[in-house]
Amino acid sequence: MSTKVIQRPRVDRSSLSFVPDLVYFEPAALEYPKGERIFQWAKQEGIPYKMTTSHNRILNLPGDTELEKYRMAKRTLVVGIRKTLKFDTSKPSAEYAIPIATGCMAHCHYCYLQTTLGAKPYVRIYVNIDDILDAARGYIEERSPEVTRFEAACTSDPVGLEPISGSLRELIAFMAEQPHGRLRFVTKFHHVDSLLDVPHNGHTRVRFSVNSKYVIKNFEPATSHFEQRIEAAAKMAGAGYPIGFIIAPIIWYDEWEAGYGELIEALDKALPMDARSDLTFELIQHRFTKTAKGVIEKRYPRTKLEMEIEKRKYKWGRWGQGKYVYPDEQANALRMFLSERIFHHFPQSQIEYFT
Ligand code: SF4
């Protein structure tokens, strides 16, 4: 592994756009236009960079403790080639997960990537988009004339990375031309400006993950603010994209009714009228596994996230380890309050599920 590191000038972070502290490149990634563009960007920004033989083997990140290494990993970008072009399934919201990136720079305390990504929490962007699109084309043909849906946010937040990768633009334009292909992704970021003029043909649905101000402030560090996400949703709706909202995780706290009431009202104020007839909501109450609780307590030792097993109901999991959700009385109160508020403000919308 080369150790070429250059000194970087000060970087303006006020835009909240992700600027990594360190970038790794697989040498072959530089043979692709996207890899070369990101390389030039890193040099121009003065970000230290290194070469690596594989995006799966990033070792020796700076940091004395496990926690320091974790934080550094979240600020490390790895630019590589996606070799596995067999897509994972992504039921029930889509047939397949389309892999354009892995990992996320944000620090949502409850994020499931903390357990699923294990020892590789660094952020990876894949540059061989044409190979990925060819594979998607194959999956679409296989199921044709059935429609095939692809989810682009299973292992990352692609909008957060879009200013660096530009990959969503390519996916959206590709899917616009697929009579039997659809794209979906979910985000907690607001970097949508470069997506507004992409021809999408209504084939991409963007869902914004929103929450009360309290939840965003306390549990979602390094994501876009409440107002930024709502403004971005309005922009995407204005550009004709079908949109939706995922309210997740819905958290029970002292002022939850006021917080979630304020959220639905803010959505109502911001959303253009013609975006409301094809609007979806997905509602997910906070849950955790025993493994996740252990990881979260180590990585965010001062978190206010309530994870007392005695206060929760155990829900058996299909694949082994079960989850702790709210007891029925609390879950029902959350579901009823939110459903009532949503239908009051958005009578034509569809609540896809509460889980
Ligand atoms: Fe996880 Fe999404 Fe938060 Fe990123 S923005 S840390 S993917 S929950």
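Numbers for residues simply follow the sequence, beginning at 1. If you're wondering where the values come from, they're calculated on a predicted model, not measured in any experiment. Counting starts at 1 for both ligands and their atoms, in listed order.
- F208 does not carry R229 over the face of its six-membered ring by the limits of under 6.0 Å from the centre and within 45° of the normal.
- Taking 4.5 Å as the limit, every side-chain heavy atom of F288 sits out of range of all side-chain heavy atoms of T115.
- Note that R82 lies in the cation-pi zone of Y126, set by a 6.0 Å cut-off to the ring centre and a 45° limit from the axis.
- Listing protein N, O or S atoms at distances below 2.8 Å from atom 1 (Fe) of ligand 1, with waters left out, gives C111 SG.
- Contact detail for E151 and S93: the closest heavy-atom pair is OE1-OG, 4.1 Å.
- Both the sub-6.0 Å distance and the 45° axial angle are not jointly satisfied by R205 relative to the ring of Y241.
- Contact detail for L267 and F346: the closest heavy-atom pair is C-CZ, 3.7 Å.
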